[in-house]
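Notes to accompany the following structure.
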2 protein chains.
Amino acid sequence: MLKELQEKYGYIFEKELIEEINQVGTFKEVTEGMLLMDIGQYIRSMPLLISGAIKILREDEEGDELLLYYLEPGDTCAMTLTCCMGSAKSEIRAIAETDTQLIMVPVQKMEEWTGKYRNWRNFVFESYHTRLMEMLETIDSIAFMNMDQRLLKYLKEKTRIGKEDMINATHQQIAYDLHTSRVVVSRLLKSLEKKGMIELHRNSIKIIALEV
Amino acid sequence: MLKELQEKYGYIFEKELIEEINQVGTFKEVTEGMLLMDIGQYIRSMPLLISGAIKILREDEEGDELLLYYLEPGDTCAMTLTCCMGSAKSEIRAIAETDTQLIMVPVQKMEEWTGKYRNWRNFVFESYHTRLMEMLETIDSIAFMNMDQRLLKYLKEKTRIGKEDMINATHQQIAYDLHTSRVVVSRLLKSLEKKGMIELHRNSIKIIALEV
DNA sequence: AGCTTGCAGTAACTTTGGTTACAAAGTCTT
DNA sequence: AAGACTTTGTAACCAAAGTTACTGCAAGCT
């Protein structure tokens, strides 16, 4: 674990902090699709991403979902950071988008470290900042963009995260993430295919050219 | 200024911090409708609210607006807090919702204080937390709710902030906040009036009973 | 092979909300 | 009081996206 820690976080954290994380943290590997955290669940530790990606979802009372953003290596979950104050229950759901390696740090350490390590403090602030910015982007998408543009953005993002020009997902799964219906996704995907931007297959979408 | 400071922040901050704020901060009074911060503007100081309320808006490239949330006494602007890192430009617009008193603190002090004062640190974390939660609520609204429900929520919120059962605003202004058109707002308001929940007047809306 | 199940394509229809257009009423100015 | 401007009400229409329903197809199973 120390090796991965140094590789991904060595340049942001001071030596002693890396040491401490190495001592109290536990290494964890999760496979694609695994549920890492659900709404209403108690938060006991915070994740530091080493590799892979985690998608963060919001859900309403009726069970309708919406993708908020992805966590990537070097990220942590800002939601977790707030567990020390107020409610300790999660407001979001976290699912492994790809196979993912992460280090879990008990939340008790967090407050201690924010006083002790300047770099940790900055890391936490920066996490909050990126998360706020990503929430803003999500708001921009759903408030100002039409479904076809949102779908396009979703495909781009997913290709970036997946690191290949093939997206493995059914139309229904995409519909859940965008909080729309399967029929609408099929319709819009078909029109993208007609424009030559993608190629549709069963359970997968081949990306040809998404830009312009 | 010291009096207001002690009154509103005395129970969260330690004496020395209050002292420091008193020394470096400047007291400011703004009247309803005043623009406090615009998108793209540089952030040089952070506000601590004493009284009144500030509304925070997001805007897209075409100039379409959307109300994000309100800042109230005891709040600060989490967006400002991130100025130390990354871009120092504002991503949002801030307009005084009512006459407002606030204390402006130069941003340079922020980093210094997060190391020095534990209560300041917690205050900053808590601000981030509330802001994230409010962003989540905004997302819930625009993603999961219909316009009639959003309007109802808006009216409730605005009555709470304004502290009276009268809302002074034109349908056009409400339409801007909700990012919809004037005609739609008029339509929905009229149907609320028919249900006996509100009373419509020129430039104002009288609230009768918004709850069920 | 025949059967079942899940995925995708498509048509027809409904709903929500955005757009255009115009009238009526209130407010302000001169 | 006349005219200009703002605000609101309303009708008629349009577009985006959600819904229902049915089809064909691919994959897996017995």
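Worth saying up front: this structure is predicted, and the values here are computed from it rather than measured. The chains referred to below are lettered A, B, ... by the order of the sequence lines, with proteins before strands, and numbering in each begins at 1. Below, each value reflects all heavy atoms present in this structure, side chains not excepted, and no hydrogens, waters or symmetry copies.
Side-chain N or O atoms of Ser204(B) include none that pairs as donor or acceptor with a backbone N or O of Leu200(B) at under 3.5 Å. The closest donor-acceptor contact from the side chain of Asn122(A) to the backbone of Asn119(A) lies at 3.5 Å or more, if one exists at all.
Evaluation of the side chain to side chain donor-acceptor pair (under 3.5 Å) rule for Asp99(A) yields no partner, not counting sequence neighbours. Not a single salt bridge (charged side-chain N to carboxylate O under 4.0 Å, His left out) links Lys195(B) to another residue, sequence neighbours left out. The ring pair (Phe, Tyr, Trp, His ring centres under 6.0 Å) search around Phe13(B) returns Tyr9(B), Trp120(B), Phe123(B), not counting sequence neighbours. Among residues two or more places apart in sequence or in another chain, the salt bridge (charged side-chain N to carboxylate O under 4.0 Å, His left out) test is passed with Glu29(A) by none. Residues passing the side chain to side chain donor-acceptor pair (under 3.5 Å) test with Lys8(A): none are found, sequence neighbours excluded. Lys190(B) meets the side chain to side chain donor-acceptor pair (under 3.5 Å) test with Glu193(B); sequence neighbours excluded. Under the side chain to side chain donor-acceptor pair (under 3.5 Å) criterion, Asp140(B) pairs with Arg58(A), sequence neighbours left out.
We find that Glu157(A) and Lys153(A) are not joined by a salt bridge, their nearest charged nitrogen and carboxylate oxygen being 4.0 Å or further apart.
Less than 4.0 Å separates DNA chain C from at least one heavy atom of each of the following residues of residues 178-195 of chain A: Arg182(A), Val183(A), Arg187(A), Lys190(A). Only at 4.0 angstrom or more do the heavy atoms of residues 59-68 of chain A sit from any atom of DNA chain C, so none qualifies.
To the nearest angstrom, P of dG18(C) lies 11 Å from CG of Asn146(A). Taking atom OH of Tyr176(A) as the reference point, atom C1' of dC7(C) lies 13 Å away to the nearest angstrom. Rounded to whole angstrom, the span from the CD1 atom of Ile174(A) across to the P atom of dC7(C) amounts to 12 Å.
Side-chain rings of Phe144(A) and His179(B) approach one another, their centers coming within less than 6.0 Å.
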Tabulate atom names and distances for all N/O pairs under 3.5 angstrom spanning the protein and nucleotides 24-28 of chain C.
none

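Boundaries of the chain B contact region on DNA chain D are dT6(D) to dA12(D), first to last in 5' to 3' order (nucleotide atom under 4.0 Å from a heavy atom).
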Exercise answer: donor-acceptor pairs, residues 30-48 of chain B side-chain atoms, under 3.5 Å, sequence neighbours excluded:
| unit_1 | atom_1 | unit_2 | atom_2 | d |
| --- | --- | --- | --- | --- |
| Asp38(B) | OD1 | Arg93(B) | NE | 2.8 |
| Asp38(B) | OD1 | Arg93(B) | NH2 | 3.0 |
| Gln41(B) | OE1 | Asp38(B) | N | 3.0 |

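A side-chain donor from one of Arg182(B) and Ser186(B) sits under 3.5 Å from a side-chain acceptor of the other.
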